[in-house]
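What's counted below: heavy atoms across the whole structure, side chains too, no hydrogens, waters or symmetry copies. If you're wondering where the values come from, they're calculated on a predicted model, not measured in any experiment.
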Amino acid sequence: MAHTHDHGGHDHTGHDHGAGHVHGSTDKKRVLIAACLTGGFMVAEALGGLLTGSLALLADAGHMLADSIALGLAWYAFHLGGRPATVRLTYGFGRVKTLVAYTNGIAIFVIALWIVYEAWGRLQAPTPVLGGPMLVVAILGLLVNIGSFFVLHGGDRENLNMRGAILHVLGDLLGSAAAIVAALVILATGWTPIDPILSVLVSLLILSTAWSLMRAAAHVLLEGVPPSLDRDLIARDIEATIQGVREVHHMHVWSLDGTSNMATLHACLDEGVDAHQAVSAVKKRLASEHGISHATVEPEFGQCADDGDDHGHDHVHKHDAAPHHDHHH
């Protein structure tokens, strides 16, 4: 479908490069530091878990392995996200971060389920655990995780990729804390089942947070309307505030990466209205009032170019089920 593009109104479509760009580079460094800290200590914790026979330590090392990989991926996603768009990827690489956040969620799920399975076996047949060395390794692990957490916590917490990274480190922090508690209980009472019990509790906590991260990332990947926006209200707002706009339909609102919002819409104009001015006004309104930085507006007089039949507001809903047909910019 031929799009009537208003290139004059496109000067604000740099996808929030100002403040977002500064955040991006510091976030990238933060994630890399956290990845190195986590990866380095993961080896020590895995060895500690094997030597002491502690599942809580092994569970935490398992988390740390996934986390160092996830943090590495998160760093790579930031690295790719800064690249300019290509002929094949016209929107650029911004969504790689969302894809990584979703994959992270799946990885956490798998690890947490493995820990629950392993813990069940250990509860059936308790194994001896060396409380002293376990306590030392767990405390060191906690210190490393606290360091990583503070490094990441200074970043942009609205960013899905950063949320995924923080979630991983938070899981490690809980894992180390649980290992410390388990080690103290074993040292005081010699009751080893506390080790698998606490590792399961940590897994369950992490599963719930992983689920919410995956839902948020999936919403972006499914081109869902960003949670902060209401498409129908925005359409009504344009009809009410922009002079000469009779009706808005075929409206799609989605987010590229969880921060940069986009829209396409048809604006049905009154006869005699200057189409260029109306389109510019719609774009300015979307950018200033609704945080939609990139919009494609198709002006229409009389009949909709897409179909000749009756064209009510219902069409907005009918078209939602159909694949996006007008996202080429």
Side-chain angles (χ1 to χ4, degrees), residues 27 30-32 34-35 37-39 41-42 45-46 49 55-78 81 94-120 138 141-142 144-146 148-153 155-179 181-182 196-224 226-227 255 257-259:
D27 286 352
R30 287 171 191 278
V31 168
L32 188 60
L37 280 172
T38 309
F41 194 76
M42 177 269 299
E45 195 159 42
L55 179 66
L57 278 186
L58 273 177
D60 202 33
H63 276 298
M64 284 185 123
L65 170 65
D67 293 352
S68 46
I69 293 168
L71 290 165
L73 277 174
W75 173 82
Y76 189 59
F78 276 122
R95 207 168 258 196
V96 173
K97 292 180 279 203
T98 313
L99 204 53
V100 166
Y102 187 76
T103 315
N104 267 349
I106 295 172
I108 300 170
F109 252 82
V110 172
I111 288 167
L113 291 173
W114 173 78
I115 292 162
V116 172
Y117 170 77
E118 188 67 25
W120 179 250
L142 184 70
V144 170
N145 289 324
I146 287 170
S148 296
F149 181 74
F150 278 113
V151 167
L152 290 175
H153 206 256
D156 178 13
R157 288 189 292 280
E158 291 299 302
N159 185 304
L160 273 178
N161 197 27
M162 278 302 271
R163 263 178 65 189
I166 291 170
L167 174 61
H168 272 288
V169 172
L170 206 56
D172 285 341
L173 238 159
L174 288 169
S176 296
V181 172
I197 287 168
L198 282 176
S199 55
V200 168
L201 278 177
V202 171
S203 293
L204 293 177
L205 277 170
I206 290 163
L207 275 174
S208 66
T209 39
W211 178 246
S212 68
L213 174 72
M214 281 172 73
R215 274 182 60 190
H219 190 73
V220 173
L221 294 173
L222 289 170
E223 309 272 19
S255 176
D257 54 7
T259 51

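Residues R163 and S212 approach most closely at NH2-O, 4.2 Å, considering heavy atoms. Between V200 and A119 the shortest heavy-atom distance is CG2-CB, 3.2 Å. In terms of heavy atoms, A74 sits closest to V31 at CB-CG1, 3.8 Å. Nearest approach of A179 to L57, heavy atoms of both residues: CB-CD2, 4.0 Å. Nearest heavy atoms, H219 versus P226: NE2-N, 4.4 Å.
A search for ring-ring contact (aromatic ring centres under 6.0 Å, His included) contacts involving F149 returns H153, not counting sequence neighbours. Qualifying side chain to side chain contact (heavy atoms under 4.5 Å, CB included) partners for A61, counting only residues two or more places apart in sequence or in other chains: E45, A46. Residues forming a side chain to side chain contact (heavy atoms under 4.5 Å, CB included) with Y102 (at least two apart in sequence, or on another chain): I106, M214, A217, A218, L221. Under the rule for a side-chain hydrogen bond (donor to acceptor under 3.5 Å, both in side chains), S255 has no partner lying at least two apart in sequence or in another chain. Residues satisfying the side chain to side chain contact (heavy atoms under 4.5 Å, CB included) test with A34, not counting sequence neighbours, are L71, S148, L152. L201 meets the side chain to side chain contact (heavy atoms under 4.5 Å, CB included) test with L198; sequence neighbours excluded.
If you take CG on L37 and OG on S68, they are separated by 11.0 Å, rounding to the nearest 0.5 Å. For the atom pair CG of N104 and OG1 of T98, the computed distance is 11.5 Å after rounding to the nearest 0.5 Å.
Considering V100, V96, L32, D27 as possible partners of F78, the one that fulfils the side chain to side chain contact (heavy atoms under 4.5 Å, CB included) test is D27.
In this structure, the side chain of D172 does not engage the main chain of N145 through any donor-acceptor pair within 3.5 Å.
The 12-atom threshold is exceeded at CH2 of W114, counting heavy atoms of other residues, nucleotides or ligands nearer than 6.0 Å. The environment of Y76 atom OH is sparse: at most 12 non-hydrogen atoms of other residues, nucleotides or ligands sit within 6.0 angstrom.
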Practice prompt. Could you give me the CA-CA distance, side-chain angles and deciding distance for L173 and I146, then say whether side chain to side chain contact (heavy atoms under 4.5 Å, CB included) is met?
Written response: CA-CA 7 Å; L173 238 159; I146 287 170; 3.8 Å; yes

